[in-house]
Engineer: 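There's a structure below that I have some questions on.
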Amino acid sequence: MVSNKSAGEQVRVRFAPSPTGRLHIGGARTAIYNWAFARATGGVFVLRIEDTDPDRSTEENTQIILRALRWMGLDWDEGPEVGGPFGPYIQTKRTHIYAEALEKLKAKNAVYPCFCSKEELEQKRAAAEEAGKAYIGYDKTCRDLDPAVAQTRIDAGEPHVWRLRVPEGHEPIEFDDAVYGHMSFPADVMDDMILVRSDGSPTYNFAVVCDDTDMRITHVIRGDDHLSNTPRQILIYEALGYPIPTFAHLSMILGPDGKKLSKRHGATSVEEYRDEGYLSDTMVNFLALLGWSLDGETTIIPRDVLCEKFGLNRITKKDAIFDETKLTWMNGVYIREMTPAAFVEAARPWLCKAAGCDDDGFFEGHRVWFEKLYPLLAERLVRLDEIPDKIAFLFWGNNIILDADSVDKTLKKEGCRAKEALLACRDVLADTSISWNFEALQDACKALCEPMELKPKLLFQPLRVAITGNMVSIPLFESIELMSRENVLARIDYTIDHVFEQ
RNA sequence: GGCUCUGUCGUCUAGCGGUUUAGGACAUCGCCCUCUCAAGGCGGAGAUCGUCGGUUCGAAUCCGAUCAGAGCUACCA
C-alpha cells in the first residue's frame with residue numbers, strides 16, 4: 001500500500017458536504033475538525049460540494065451551507081467562491097475528471113460494463129430475501145461477458161453502468177485509521193460496486209477517490225458512516241494506482257434518546273441554533289468537545305486555542321449524545337465574555353424585536369443606549385432570544401402592563417405597605433435636584449428604609465412591579481436610569497391609581 | 001444474514017497495568033452573597049468502569065467469551 005503522506009508535506013484536508021439539506025450538527029462538527037486540524041498544522045482547508053445526487057442536491061442548499069460555515073467562522077482556503085488551484089470545487093462541474101479516471105480503468109481492464117437493470121437487481125435481491133438468505137451482493141452476471149459482445153451492446157445504445165472488477169483472491173484490505181487504529185476487512189465480501197451510473201455520472205465512492213486524489217488531500221476526516229466504505233474506496237485507489245490518504249473517522253452524534261439525531265429531537269441544523277440565539281463561538285467550542293478533548297479538564301476552549309491545540313490523537317470512538325443543556329450553559333459563558341459592542345451586533349435582531357422597530361436608522365441611533373443594556377442582560381442570558389421578554393418594558397413609554405401574580409404577591413400582600421412605599425419613592429424620583437443616575441437614585445431611595453422602618457425588599461419590590469410590571473426583572477435602578485423621568489413617574493401614578501383606588 | 005465498530009457518574013469526558021478512596025465539566029441538591037432574577041463562591045450526592053471468565057503480586061487499563069447499541073451491505077452520500 002502506498003502512502004501519500006511523505007514527511008514534511010503540507011496537510012490538506014477537506015469538508016465535503018452534499019447539498020441535500022441544511023448544515024446538520026454532525027456535518028458542522030466534521031467541518032470544525034477539518035478546519036481546526038488544518039489551522040493547527042498550518043495546512044490547507046478545502047471545501048468541496050458533493051452534488052452527485054441529482055435528485056436531492058440543490059443550489060439553494062449549497063448557499064445555505066456556505067452561509068452556515070461562514071457564520072461559524074470556518075473559513076476555507078480553497079473551494080466555492082474563493083477558488084484555488086484544483087477547482088472547480090463542485091462535483092457536477094468536474095465530470096471530465098471522472099471520465100478520465102474511467103478511461104484509465106477501462107484501459108487496465110479494472111472495470112466492466114454491466115447491463116443488468118435496476119429492476120432485475122431488485123428482483124434478485126427480493127428473491128434472495130424470501131429464500132431466507134439475505135442478499136449477498138451483485139451476482140457478477142456481466143463480469144465475464146465477452147468484451148466484443150459487450151462493446152456491440154454498448155454501441156447499440158443499451159443502457160449500462162460501469163462496475164469495478166474487484167480482483168479475485170485479494171488479501172484483506174488494511175489501513176490505519178487515525179482514530180480507530182488498525183483496520184482489516186476481508187476483500188471477498190466486497191461487491192463489484194458501480195462506479196459510473198447509466199447516465200454517465202459517478203457514484204459517491206468513485207467521485208471521492210478521484211477528487212481527493214486530484215485535490216491532493218492528505219487526511220480524510222469524515223463521519224464514521226464511511227468507515228465501511230473505506231475498504232471499497234481503497235480498492236478503487238488501488239485500481240487507479242493512486243496513493244492512499246490517511247483516514248480519520250468520527251463517531252456519530254445522537255439525540256437524547258440515543259437514536260440518530262433527527263428533526264424529531266428538535267433543532268438539528270446550525271442555522272436553527274443561530275436563530276435561537278446561540279453564538280457561533282459557542283457552537284464551535286461545544287461541537288469541538290463532542291468527541292474530542294484538550295486535556296480532560298478544560299471545557300471553555302476559545303477558537304484560537306482550538307486552532308493551536310487540535311489534533312487527531314484525542315478523538316473519541318464512542319458515539320456522543322447531543323446535550324442541549326450543556327450547550328445552553330456554555331452559551332451563557334460566551335455571552336458574559338463578549339464586549340458590549342459585539343453583543344449589540346450579535347443581538348441586533350432581538351434588540352430590535354423588543355423595541356418593535358428594526359430599521360437601520362433606529363438601530364444605529366440606539367447603539368450606545370443598547371450597549372448600556374449589556375451589563376444588565378449578560379449575566380441573566382443564556383440565549384439571545386431571551387432578550388425581548390427581559391427588556392420589552394423599557395419601550396412601553398408612559399404605559400405599564402402589570403403582571404397579575406406580581407401585583408398580588410408584592411403590592412396587595414397583607415401588611416406590606418406597598419402604597420406607602422411607592423409614594424415615598426415617587427417623591428424621590430420626582431426630585432429634580434437628584435441627578436438621573438442609578439447610584440444617586442438608588443441611594444436616595446435606600447435612605448428611605450430607616451425612617452420608614454421598611455426592609456429594602458419591601459421598598460424596592462413594589463417599585464419594581466410598578467415600573468417593570470413584574471416582580472422579576474433586570475436591575476431596577478439601572479433600568480430607571482435608561483428611562484425618562486416622565487415615563488417612570490407616569491407608571492408609578494398609574495399603578496397607584498389602578499391597584500389601590502377601587 | 002454478512003462485514004465492521006462502540007460500551008467509565010443522567011450527559012460530555014479524563015484515564016493507556018500500581019501515583020485511583022476512578023479526576024473534570026454540565027445537570028441536580030444544600031449553604032453563602034442578595035431589593036427580584038441571575039451571575040458568583042463553597043460543599044454534597046452521583047460510575048462496583050456492560051456482563052462473565054482468564055493473564056498478573058496487582059486490571060477500568062491486557063486476552064477470550066457473552067450481551068447490548070450503532071454503521072455499512074443502493075445506479076444515496
Side-chain angles (χ1 to χ4, degrees), chain A residues 16-18 20 50-53 55-57 114 116-118 121-122 125 128-129 132-138 159-163 177 180 183-186 188-191 193-199 201-205 207-208 222-232 249 251-252 254 256 258-260 286 289-300 314 316-330 332 336 376-382 390 406 410 442 445-446 449 455-465 468 470-477:
Chain A
S18 33
T20 55
E50 306 211 326
D51 56 349
T52 51
D53 179 356
D55 297 335
R56 300 192 300 152
S57 303
C114 168
C116 301
S117 71
K118 211 187 278 187
L121 295 174
E122 258 154 37
R125 195 167 310 160
E129 263 165 40
K133 280 286 174 189
Y135 182 64
I136 336 231
Y138 177 58
H160 61 284
V161 300
W162 288 91
R163 287 182 183 272
D177 189 278
Y180 283 96
M183 303 291 306
S184 178
F185 293 79
D188 54 8
V189 300
M190 293 297 158
D191 223 355
M193 73 205 102
I194 295 175
L195 264 29
V196 176
R197 302 183 185 113
S198 46
D199 68 357
S201 65
T203 56
Y204 164 76
N205 282 121
V208 233
R222 61 180 14 166
D224 80 359
D225 44 338
H226 292 301
L227 190 56
S228 310
N229 279 324
T230 306
R232 295 173 224 288
H249 287 93
S251 62
M252 216 106 267
L254 275 20
K259 300 276 190 252
K260 205 169 174 179
F286 184 78
L289 242 26
L290 223 50
W292 174 81
S293 62
L294 178 61
D295 53 17
E297 306 281 301
T298 316
T299 308
I300 299 300
R314 291 187 67 89
T316 332
K317 302 193 247 271
K318 203 178 110 183
D319 289 345
I321 290 178
F322 186 73
D323 175 23
E324 228 178 90
T325 316
K326 191 166 184 176
L327 172 73
T328 302
W329 161 79
M330 190 178 282
R336 274 170 251 132
L376 315 190
L377 246 19
E379 64 189 29
R380 275 159 263 268
L381 287 179
V382 95
K390 295 205 188 311
S406 298
T410 77
Q442 180 172 308
C445 283
K446 205 158 199 167
C449 291
K455 284 184 181 172
K457 185 171 186 169
L458 293 177
L459 186 70
F460 294 132
Q461 281 299 84
L463 185 60
R464 183 188 306 282
V465 175
T468 71
N470 203 293
M471 61 198 286
V472 174
S473 80
I474 57 175
L476 182 55
F477 287 93

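These numbers come from a predicted model, not from an experiment. Throughout, protein chains are lettered first and strands after them, A, B, ... in sequence-line order, and every chain is numbered starting at 1.
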Engineer: What's the gap between B:rA60 and B:rC52 when it is taken at their P atoms, as a whole Å value?
Structural biologist: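 Looking at atom P only, B:rA60 and B:rC52 are 13 Å apart.
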Engineer: Distance-only, no hydrogens or angles: does the A:Gln461 side chain make a donor-acceptor pair with backbone N or O of A:Met471 under 3.5 Å?
Structural biologist: yes
Engineer: Among B:rU4, B:rC75, B:rA77, find the nucleotide with the atom closest to the side chain of A:Asp53.
Structural biologist: B:rA77
Engineer: Mind calculating the distance between CG (A:Asp225) and P (B:rU73) to the nearest angstrom?
Structural biologist: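 Rounded to whole Å, this separation is 10 Å.
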Engineer: Among B:rG71, B:rA70, B:rU6, which nucleotide sits nearest the side chain of A:Lys259?
Structural biologist: B:rA70
Engineer: Test salt bridge (charged side-chain N to carboxylate O under 4.0 Å, His left out) on A:Asp53 and A:Arg56; report intermediate values, then the result.
Structural biologist: CA-CA 6 Å; A:Asp53 179 356; A:Arg56 300 192 300 152; 2.8 Å; yes
Engineer: Within the structure shown, what part of the strands sits under 4.0 Å from A:Gly332 by heavy-atom distance: base, sugar-phosphate, or nothing?
Structural biologist: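 Here A:Gly332 touches no strand at all.
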Engineer: Without decimals, in angstroms, what is the distance between A:Met190 CE and B:rA74 P?
Structural biologist: 12 Å
Engineer: What does B:rC35 pair with, Watson-Crick or G-U, if both distances are under 3.5 Å?
Structural biologist: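 With both distances under 3.5 Å required, B:rC35 matches none.
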Engineer: Looking at A:Lys118, does any N or O in its side chain come under 4.0 Å of the phosphate oxygens OP1/OP2 on B:rA74?
Structural biologist: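 No, no such contact exists.
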Engineer: Look at all strands and tell whether A:Glu122 reaches a base, only sugar-phosphate, or nothing, counting heavy atoms closer than 4.0 Å.
Structural biologist: nothing
Engineer: According to the Watson-Crick and G-U wobble definitions, with both distances under 3.5 Å, which nucleotide is paired to B:rG7?
Structural biologist: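 Its partner is B:rC67 (Watson-Crick or G-U wobble, both distances under 3.5 Å).
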Engineer: Pick base, sugar-phosphate or nothing for A:Ser473, based on heavy-atom distances below 4.0 Å to the nucleic acid.
Structural biologist: base
Engineer: Answer yes if the side chains of A:Asp323 and A:Thr325 hold a donor-acceptor pair under 3.5 Å, and no otherwise.
Structural biologist: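 On atom types as modelled, these side chains qualify, holding a pair under 3.5 Å.
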Engineer: Report the distance from atom NE2 of A:His249 to atom P of B:rU6, rounded to the nearest whole Å.
Structural biologist: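 Computing the A:His249:NE2 to B:rU6:P distance gives 13 Å.
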Engineer: So if I take every side-chain heavy atom of A:Arg232 and compare against B:rA27, B:rC5, B:rC72, which nucleotide ends up nearest?
Structural biologist: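 In terms of side-chain proximity for A:Arg232, the closest of B:rA27, B:rC5, B:rC72 is B:rC72.
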Engineer: What contact category does A:Ser201 fall into here, base, sugar-phosphate, or nothing, at under 4.0 angstrom with non-hydrogen atoms?
Structural biologist: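 The answer is nothing, as A:Ser201 stays clear of every strand by at least 4.0 Å.
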Engineer: How are the rings of A:Phe460 and A:Phe477 set to each other: parallel, tilted or perpendicular (split at 30° and 60°)?
Structural biologist: perpendicular
Engineer: Please report, rounded to the nearest Å, how far the P atom of B:rU73 is from the CG atom of A:Asp188.
Structural biologist: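 In whole Å, B:rU73 P lies 18 Å from A:Asp188 CG.
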Engineer: Round to a whole Å and report the spacing from NZ of A:Lys318 to P of B:rC49.
Structural biologist: 14 Å
Engineer: Select one nucleotide: of B:rU11, B:rC35, B:rA27, the one nearest the side-chain heavy atoms of A:Phe460.
Structural biologist: B:rC35
Engineer: Remember a base hit wins even if backbone is also touched, and classify A:Pro475 as base, sugar-phosphate or nothing at under 4.0 Å, heavy atoms.
Structural biologist: base
Engineer: Without hydrogens or angle criteria, can the side chains of A:Ser201 and A:Asp199 be said to hold a donor-acceptor pair below 3.5 Å?
Structural biologist: yes
Engineer: Mapping A:Asn205 and A:Leu254 onto RNA chain B by nearest heavy atom, which one lands closer to the 5' end?
Structural biologist: A:Leu254
Engineer: Quick one: label A:Lys390 by what it contacts on the DNA or RNA (base, sugar-phosphate, nothing), any heavy atom closer than 4.0 Å.
Structural biologist: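 Nothing: the residue A:Lys390, judged by heavy atoms under 4.0 Å, touches no strand.
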Engineer: Using the P atom as the point on both nucleotides, what is the distance between B:rA68 and B:rG50, in whole Å?
Structural biologist: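 So the two P atoms sit 16 Å from each other.
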Engineer: Between A:Asp295 and A:Thr298, do the side chains contain an N or O donor and an N or O acceptor separated by less than 3.5 Å?
Structural biologist: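 Checked: A:Asp295/A:Thr298 side chains pair up, N/O donor to acceptor below 3.5 Å.
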Engineer: Say you pick atom P in B:rA22 and the same atom in B:rC9; how far apart are they, in whole Å?
Structural biologist: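 Going atom to atom, P in each nucleotide, I get 14 Å.
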Engineer: What's A:Cys449 touching, base or sugar-phosphate or nothing? Going by heavy atoms closer than 4.0 Å.
Structural biologist: nothing
Engineer: Heavy atoms only, 4.0 Å cut-off, all strands: where does A:Thr20 land among base, sugar-phosphate and nothing?
Structural biologist: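 Nothing: the residue A:Thr20, judged by heavy atoms under 4.0 Å, touches no strand.
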Engineer: Write down the partner of B:rG30 under the Watson-Crick or G-U wobble criteria, each distance required to be under 3.5 Å.
Structural biologist: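 By the stated definition (distances under 3.5 Å), B:rC42 pairs with B:rG30.
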Engineer: So, is A:Lys317 close to the B:rA70 phosphate, meaning a side-chain N or O under 4.0 Å from OP1 or OP2?
Structural biologist: no
Engineer: Can a side-chain donor-acceptor contact be found between A:Tyr180 and A:Asp224 if the only test is distance below 3.5 angstrom?
Structural biologist: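 On atom types as modelled, these side chains qualify, holding a pair under 3.5 Å.
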Engineer: Could you state the CG-C1' distance from A:Leu227 to B:rA70, rounded to the nearest angstrom?
Structural biologist: 12 Å
Engineer: Which part of the nucleic acid, if any, lies within contact of A:Arg314, taking any heavy atom under 4.0 Å across all strands shown: a base, the sugar-phosphate backbone alone, or nothing?
Structural biologist: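 It contacts sugar-phosphate atoms only.
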Engineer: B:rU73, OP1 or OP2 - any side-chain N/O from A:Ser228 closer than 4.0 Å?
Structural biologist: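 It does not, given that no N or O in the side chain of A:Ser228 lies less than 4.0 Å from OP1 or OP2 of B:rU73.
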Engineer: Using the C1' atom on both, measure B:rC26 against B:rG71 and round to a whole Å.
Structural biologist: 29 Å
Engineer: Measuring from the side chain of A:Lys326 (C-beta onward, heavy atoms only), which nucleotide among B:rG24, B:rU4, B:rC75 has the closest atom?
Structural biologist: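 Per side-chain heavy atoms of A:Lys326, the pick is B:rG24.
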Engineer: Touch check for A:Asp224, heavy atoms < 4.0 angstrom, all strands: base, sugar-phosphate only, or nothing?
Structural biologist: sugar-phosphate
Engineer: So how far is it from A:Thr316 OG1 to A:Trp292 CH2, rounded to the nearest 0.5 Å?
Structural biologist: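 With rounding to 0.5 Å, OG1 (A:Thr316) is 10.5 Å from CH2 (A:Trp292).
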Engineer: Please give the distance between the C1' atoms of B:rU61 and B:rA25 as a whole number of Å.
Structural biologist: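 Those two atoms are separated by 23 Å.
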Engineer: Which nucleotide sits closest to the side chain of A:Arg380: B:rU36, B:rG71, B:rC75?
Structural biologist: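 From the listed options, B:rU36 comes nearest.
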Engineer: Rounding to an integer number of Å, can you tell me how far A:Asp191 CG sits from B:rU4 C1'?
Structural biologist: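 Atom-to-atom, A:Asp191 to B:rU4, this comes out as 16 Å.
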Engineer: When rounded to the nearest Å, what value does the distance between C1' atoms of B:rC29 and B:rA14 take?
Structural biologist: 25 Å
Engineer: Which listed nucleotide (B:rG23, B:rU6, B:rU36) is nearest to the side chain of A:Glu297?
Structural biologist: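 The closest nucleotide is B:rG23.
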Engineer: Starting the side chain at C-beta, find the nucleotide from B:rG24, B:rU13, B:rC35 nearest to A:Thr316.
Structural biologist: B:rU13
Engineer: Just the rounded figure in Å: distance from C1' of B:rU11 to CG of A:Leu290.
Structural biologist: 10 Å
Engineer: Using a heavy-atom cut-off of 4.0 Å across all strands, would you classify A:Ser293 as base, sugar-phosphate, or nothing?
Structural biologist: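 Sugar-phosphate contact only - A:Ser293 comes under 4.0 Å of backbone atoms but never of a base.
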Engineer: Once rounded to the nearest 0.5 Å, what's the spacing between atom OG1 of A:Thr230 and atom CZ of A:Phe185?
Structural biologist: 6.5 Å
Engineer: So A:Arg56, base contact, sugar-phosphate only, or nothing? Heavy-atom distance under 4.0 Å.
Structural biologist: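 Result for A:Arg56 = base.
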Engineer: Rounding to the closest angstrom, what is the interatomic distance between B:rC62 and B:rC72 at atom C1'?
Structural biologist: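 Nearest-Å result for B:rC62 against B:rC72 at atom C1': 30 Å.
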Engineer: Which nucleotide, if any, forms a Watson-Crick or G-U wobble pair with B:rU61, using both distances under 3.5 Å?
Structural biologist: none
Engineer: Starting at the 5' end of RNA chain B and moving along, which residue's nearest nucleotide shows up first, A:Thr298 or A:Trp292?
Structural biologist: A:Trp292
Engineer: Among the nucleotides B:rC37, B:rA25, B:rC75, which one has an atom lying closest to any side-chain atom of A:Val472?
Structural biologist: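 My answer, after comparing the listed nucleotides, is B:rC37.
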Engineer: If the P atom of B:rU21 is compared with that of B:rU48, how far apart are they to the nearest Å?
Structural biologist: 16 Å
Engineer: Does A:Arg336 put a side-chain nitrogen or oxygen below 4.0 Å from OP1 or OP2 of B:rG40?
Structural biologist: yes
Engineer: Please confirm whether the shortest side-chain N or O distance from A:Thr52 to OP1 or OP2 of B:rA77 is below 4.0 Å.
Structural biologist: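 Looking at the OP1 and OP2 atoms of B:rA77, one of them is under 4.0 Å from a side-chain N or O of A:Thr52.
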Engineer: Report yes or no: does A:Asp191 contribute a side-chain atom to a donor-acceptor pair with the main-chain N or O of A:Met193 at less than 3.5 Å?
Structural biologist: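 Not at all, since once roles are kept as given, no pair shorter than 3.5 Å links the two residues.
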